[in-house]
Amino acid sequence: MSLEIANLDVSIEGIGILRDVNLTIPTGEMAGLIGLNGAGKTTLIRAVMGLLPSDRGSIAFKGEDLTRQPAYRRADMRISYMPEDRRLIPELTVTENMLMPAWANKIRDGEQRLKWVYELMPEIADFGERKALQLSGGQQKLVALGRALIPGREMILLDEPFEGVAPVLAKRLSSVIGDLRGEGLTVLIAESDDAHSADLVDSTWQIERGEVSQGRRDRSESSDD
Ligand code: ATP
């Protein structure tokens, strides 16, 4: 298993948000986390990223308990996320935005990784020198995905990647995420419904008022680990 969350409770400002969450994703698989707004998707992703402390339970990545690691260790462990609101720096160019995690985390082969991301999404290479503020919301989502992929070689957590994206770009995003299959990446895709993720994922988890239950397994073939 790549990700193994067990009996996880998380609260925000004293209010219990996640309750006894159990969720696992085998290495190299894609999982959907489906729930309405306010269900707790962002809270779960932020807890995995170490941006929120947990009250109880464990979040193991390849056997190591992430709840005992400071947030910055996620980059060393090749774990990254794409926030729902993108958080690009508007005044910086697309290329600068993409390289930011590599600079911040002293990733030595950042440029090489950027080249790979540009091969995966040639359209963002085309606007690499433009400032982020000049891009549409959907284009910015592509850039935010690319930026997450620079440190995120083992696992990426995508927080509503298709939200507010025009249909053509949502289709493109979905095809890029599909192309990641076979890269050995473990992927979690949070969505309010499974409109875009259903065709991508191996398993689906439902989240409702902070409680997670396992939905169907979408693909018959799966890795053993
Ligand atoms: P959304 O798509 O709306 O972000 P979500 O499923 O990601 O939905 P969360 O953002 O994780 O949901 O929110 C889960 C619950 O935690 C909600 O009830 C929300 O009101 C609450 N919550 C989130 N952030 C805070 C905060 N800073 N202070 C208090 N409550 C919060």
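Note that ligands are numbered from 1 as they come in the structure, with each ligand's atoms numbered from 1 the same way. Both backbone and side-chain heavy atoms feed into the values below; hydrogens, waters and symmetry mates do not.
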Query - Electrostatic pair Lys106-Asp76, nearest N-O below 4.0 angstrom - result: no

Query - Under 4.0 Å from ligand 1, counting heavy atoms only: the protein residues, by chain and number - result: Ile12, Ile17, Leu36, Asn37, Gly38, Ala39, Gly40, Lys41, Thr42, Thr43, Glu84, Glu160

Report task. Determine which pairs satisfy ring pair (Phe, Tyr, Trp, His ring centres under 6.0 Å) with at least one residue from residues 144-200, sequence neighbours left out, and list them in order. Result -> Phe162-His196

Requested in this report: Would you mind listing every salt bridge (Lys or Arg N to Asp or Glu O under 4.0 Å) that reaches into residues 35-49, with sequence neighbours excluded?
Outcome: Lys41-Glu160

Requested in this report: Sort and list the pairs that fulfil salt bridge (Lys or Arg N to Asp or Glu O under 4.0 Å) and have at least one residue in residues 130-145, not counting sequence neighbours.
Outcome: Glu91-Lys131

Query raised in the report: Are any of the side-chain heavy atoms of Asn7 and Asn22 separated by less than 4.5 Å?
Result: yes

Query - Test item: Glu211 and Asp20 side chains (from C-beta on) under 4.5 Å apart, heavy atoms - result: no

